[in-house]
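Let me begin by presenting the structure, written as structure tokens, before commenting on it.
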Amino acid sequence: MPSNGEPAAPTTPLPPGRGQPEPLIERVAAWSARRRKTALFGWLIFVVLTFAVGAAVGGKGPQNHDPGESGRAQVMIEDAGDDTRPPSENVLVQAGADSPGFRTDTALQKAVQDVGATLNGLTGKVSDVVVPTTAEPGGLVSADGRSVLVTFSLAGSGHGWDNAAEVVEQTQQRMAQLAKEHKGLTIVQAGDASVDFAVEEATSEDFATAELTSIPLTLVILLVVFGALIAAGIPLLLAVTAVVAAMGLLTLAANWLPVDDTASSVVLLVGMAVGVDYTLFYLRREREERLAGRDTEQALRITAATSGRAVVVSGLTVAVSMAGLFLTGIDTFTGMAVGTIAVVLLAVVGSLTALPAVLSMLGSKVDGLRLPWIGRRRAEASSSRVWTAVVAQVVRRPLLWGGAAVAALLLAALPAAGMRLADPGLQERFPDSVPEISHLVAIQEAFPGKPAPAQVVVTGSALGTGAFDEAVTALREQVAKSGGALAEPVRTAKIGDGGTVVVTVPLAGSGNDAESQKALKLLRDTALPRSLGEVDGLRYAVTGQTAGPADMAAALDSRTPVVFAFVLVFAFLLLVSAFRSLAIPLVSIALNVLSIGAAYGVVTLVFQDGHLSGLLGFESYGGIISWLPLFMFVILFGLSMDYHVFIISRIRELRMEGADTRTAVTRGIGGSAGVVTSAAVVMIAVFSIFASLSMLDYKMLGLGMAVAILVDATLVRGVLLPAALALLGDRSWTLPRALAWIPAVAAERSPEPPAAPYEEAAEDSRTETEEDRDKDTEEDRDKDVERV
């Protein structure tokens with residue numbers, strides 16, 4: 001008898017040859033159980049080969065481009081020969097507030113000369129060193145005279161990039177030594193290469209922290225859930241192998257698709273969550289069936305027909321949701337979508353092949369190596385008394401409880417109405433512990449628009465003619481008329497074979513604030529059309545630190561409704577296909593939207609309004625990262641379906657056995673509460689790790705997803721779902737004829753009809769005494785110990 005009191009016989013699937021073909025999911029599980037060595041080692045060999053091939057081949061495909069005009073400009077630079085532009089660096093030499101200024105401050109002048117001499121001494125490593133003088137400041141002396149900028153480029157093979165890390169480290173050491181020699185002055189370095197390396201290092205450290213922390217934390221949680229080391233290790237093994245294989249496939253895909261560095265972090269985040277969840281669903285049901293008295297083969301067949309089917313439906317829902325990211329046309333999302341879909345589908349395949357093979361090998365030994373005390377308490381997967389009692393109250397008064405839950409979620413979502421999408425600068429995105437970013441901010445404050453001015457990429461037949469020179473002169477006139485929004489120096493530089501020119505125009509503001517956005521709009525809409533735009537035979541596009549985020553935000557504004565519609569429509573069709581119901585998909589979508597809305601509200605309250613900034617270690621910049629709401633919607637809509645599909649499947653299973661809707665809801669949610677809570681705890685723990693990392697993007701994503709999963713696993717599934725199903729009653733399980741054309745996916749066979757009515761069977765199933773169950777359980781434990 002199942003430990004949660006469900007009648008055992010009705011759940012047994014029809015054996016082959018009883019009038020219905022055995023579904024694919026059960027056939028795969030049966031094959032894996034029969035050929036367990038082939039299935040398990042085949043999976044492991046596939047994982048190793050995929051990762052090895054990915055590491056050997058590497059991913060050197062197309063680069064990521066910003067959407068819109070900024071992306072077009074980046075392509076124009078690449079077509080001209082992107083590697084012809086050596087990375088540029090800047091050294092800021094800054095005196096204190098009491099300095100009279102560069103013209104008369106001899107100490108400041110001496111420091112600038114020493115910086116220039118040091119850089120010029122690095123022959124073959126740096127080039128194009130520009131040292132301002134009192135006679136020719138060249139725009140490299142600040143308005144107050146206290147700050148001076150020395151610029152240079154990296155030289156060497158690969159136009160400076162091949163040995164950039166070594167040269168940057170050497171120049172930074174030289175500048176640090178000069179800072180010690182010139183006490184009272186600030187001498188710091190920041191530029192293309194140094195900031196890139198610092199950001200890459202900080203991101204890598206974040207990823208390594210998440211990787212090293214998530215695995216042991218997940219293992220601890222699983223040990224508490226199962227109370228046995230072997231059972232706890234199985235979900236972790238599947239999750240890790242799925243992530244490793246997905247990393248290999250993602251590396252291979254990077255040869256043809258643009259894959260951003262953050263895609264690896266997202267693969268780890270999602271892979272650990274779904275890999276553990278799918279195994280939990282499978283393992284807990286298999287254990288439950290074994291404890292009911294079935295042998296391993298019977299338990300695996302029933303598990304494949306129930307939890308296996310739920311895993312397939314859940315995995316397809318996550319994959320369909322993530323596929324919506326392709327519709328954005330944004331390169332950053334392409335890599336995320338490819339990696340996430342890969343890891344989810346691999347987790348599904350592993351759950352249907354390697355997992356049955358492992359469970360068939362182990363049999364009852366899966367509960368071996370039990371932990372003291374915890375192992376005895378966790379040996380049997382019982383119903384949750386708390387959630388059973390809560391759901392029983394909800395189904396009695398569904399309007400009252402459901403209305404209160406909806407009101408609470410709407411209240412939590414209320415702050416999202418004032419959400420302001422804006423991308424942070426590097427200073428807000430990373431902590432002050434990254435010195436290169438602090439140096440870059442100091443340069444930006446002393447020299448607005450430098451060292452990251454707007455880049456106007458120009459090409460066409462009119463280049464090199466007098467008309468082009470006149471257009472640049474006209475552009476400088478527009479800069480002079482801009483009232484400070486656009487600034488000098490306006491510079492031109494040929495790249496490649498000379499068929500492309502980059503015109504740099506400094507913008508007012510910090511690069512990411514409203515002042516910079518206003519200056520960018522003035523440049524694009526007024527200054528350029530009245531200068532370069534007047535010349536026939538010229539094509540131009542603007543990119544840069546300000547243009548990229550602005551174009552990203554514009555693309556998100558236009559594509560987000562399309563992605564939302566795609567996800568909702570296809571998720572609806574998939575759920576109709578899986579459950580042959582109209583009400584279940586509509587209720588599922590509504591509940592997901594409510595939980596995601598609540599997560600939006602919390603993220604807005606915390607990060608935009610600045611609450612908990614001290615605890616989480618960030619400084620609010622008054623906005624939310626532009627890509628976050630869309631990405632959260634897509635990934636949460638898919639992930640929340642994990643246990644939602646599992647719960648609905650259990651409720652539907654009981655309903656097909658003859659239980660009325662309210663009884664099926666109460667027992668289905670109560671009986672699955674343990675595994676759902678366990679899965680949610682693992683997800684929340686993994687997401688919370690990301691909320692503790694240094695990068696602001698990870699903090700927002702981690703906290704938002706942790707909150708959404710918490711709300712989803714408690715208030716939504718424990719109150720709103722049973723309230724909705726209780727109100728709908730039998731209408732929950734009907735499908736209008738107008739939708740009958742939708743094909744069934746992962747269809748399950750009807751279970752054997754019970755020998756007696758459901759209520760009678762349930763009553764008979766309770767004749768076993770508590771002492772008998774304890775005795776049987778103790779005997780099982782003794783046998784397991786002997787086997788181990």
Side-chain angles (χ1 to χ4, degrees), residues 85-95 112 115 119 126 129-130 132 139-144 146-154 160-161 164-165 167-176 178-179 185-206 261 422-455 487 489 491 504-513 515-517 519-520 543-550 618-619 621 625 694-697:
R85 294 188 307 142
S88 62
E89 290 289 313
N90 309 272
V91 176
L92 174 67
V93 184
Q94 192 172 60
V112 170
V115 168
L119 293 173
V126 304
V129 179
V130 179
L140 298 178
V141 178
S142 63
D144 61 7
R146 294 191 304 108
S147 302
V148 182
L149 209 59
V150 178
T151 65
F152 65 98
S153 299
L154 303 188
W161 278 110
V167 176
V168 164
E169 182 179 2
Q170 189 172 359
T171 56
Q172 287 178 328
Q173 291 175 352
R174 297 289 181 91
M175 296 307 110
L178 288 176
L185 297 177
T186 298
I187 302 177
V188 293
Q189 177 181 334
D192 293 342
S194 56
V195 172
D196 280 354
F197 293 146
V199 169
E200 182 179 351
E201 182 179 359
T203 303
S204 298
E205 289 178 357
D206 271 353
D261 293 339
D423 288 312
L426 286 173
Q427 186 180 27
E428 293 87 8
R429 181 163 264 141
F430 290 91
D432 293 336
S433 59
V434 182
E436 289 80 0
I437 294 176
S438 300
H439 302 163
L440 187 69
V441 172
I443 295 173
Q444 186 71 43
E445 291 175 349
F447 301 89
K450 299 175 185 175
Q455 296 178 330
R491 293 177 175 172
T504 56
V505 183
L507 305 177
S510 63
N512 296 90
D513 57 9
E515 189 177 4
S516 295
Q517 296 292 334
L520 175 67
T543 186
Q545 177 181 315
T546 306
F618 72 94
E619 184 176 346
Y621 67 97
I625 294 173
S694 62
M695 191 174 177
L696 185 62
D697 305 54

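Keep in mind that what you see is a predicted model, and the values were worked out from it rather than measured.
- Taking the salt bridge (Lys or Arg N to Asp or Glu O under 4.0 Å) definition, one finds that Asp423 meets it with nothing, sequence neighbours left out.
- Here Val129 pairs with Leu119, Asn120, Val126, Val131, Val150, Phe152 under the side-chain contact (heavy atoms from CB on, under 4.5 Å) rule; sequence neighbours left out.
- Put simply, the side chain of Pro424 reaches to within 4.5 Å of the side chain of Ile625, judged on heavy atoms.
- Here the side chain of Thr504 pairs no donor or acceptor atom with the backbone of Gln455 at under 3.5 angstrom.
- Glu200 pairs by the side-chain contact (heavy atoms from CB on, under 4.5 Å) definition with Phe197, Ser204, not counting sequence neighbours.
- Between the OG atom of Ser516 and the CD atom of Gln545 there is a distance of 7.5 Å, given to the nearest 0.5 Å.
- Here the closest heavy-atom approach between residue Ala519 and residue Ala508 is recorded as CB-N, 4.1 Å.
- Here Gln517 pairs with nothing under the side chain to side chain donor-acceptor pair (under 3.5 Å) rule; sequence neighbours left out.
- By the side-chain contact (heavy atoms from CB on, under 4.5 Å) test, Ala179 pairs with Ile187, sequence neighbours left out.
- Nearest heavy atoms, Ser142 versus Ala446: CB-O, 3.7 Å.
- A search for side chain to side chain donor-acceptor pair (under 3.5 Å) contacts involving Gln189 returns Glu89, Thr171, not counting sequence neighbours.
- The side chain to side chain donor-acceptor pair (under 3.5 Å) test applied to Glu515 returns no partner, not counting sequence neighbours.
- Take Arg146 and apply the salt bridge (Lys or Arg N to Asp or Glu O under 4.0 Å) test, not counting sequence neighbours, and it matches Asp144.
- Residue Ser147 holds its OG atom at 10.5 Å from CG of Leu185, rounded to the nearest 0.5 Å.
- Residues that satisfy the side chain to side chain donor-acceptor pair (under 3.5 Å) test with Gln170, not counting sequence neighbours, are Lys125.
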(message) Assess the residue pair Val188 and Gln94 against the criterion (side-chain contact (heavy atoms from CB on, under 4.5 Å)); give the C-alpha distance rounded to whole Å, side-chain angles, the decisive distance to 0.1 Å, and a yes or no.
(response) CA-CA 9 Å; Val188 293; Gln94 192 172 60; over 6 Å; no
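- In this structure, Leu520 and Ala547 approach most closely via the heavy-atom pair CD2-CA, 3.6 Å.
- For Val130, the side-chain contact (heavy atoms from CB on, under 4.5 Å) test picks out Leu140, Thr151, with sequence neighbours left out.
- With sequence neighbours excluded, the residues that form a ring pair (Phe, Tyr, Trp, His ring centres under 6.0 Å) with Phe618 are Phe607.
- In terms of heavy atoms, Phe447 sits closest to Leu92 at CE1-CD1, 3.9 Å.
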(request) List the steps and the verdict of side-chain contact (heavy atoms from CB on, under 4.5 Å) for Asn90 and Leu440. (result) CA-CA 9 Å; Asn90 309 272; Leu440 187 69; 5.7 Å; no
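- The shortest heavy-atom contact between Pro132 and Val141 is CB-CG2, 4.4 Å.
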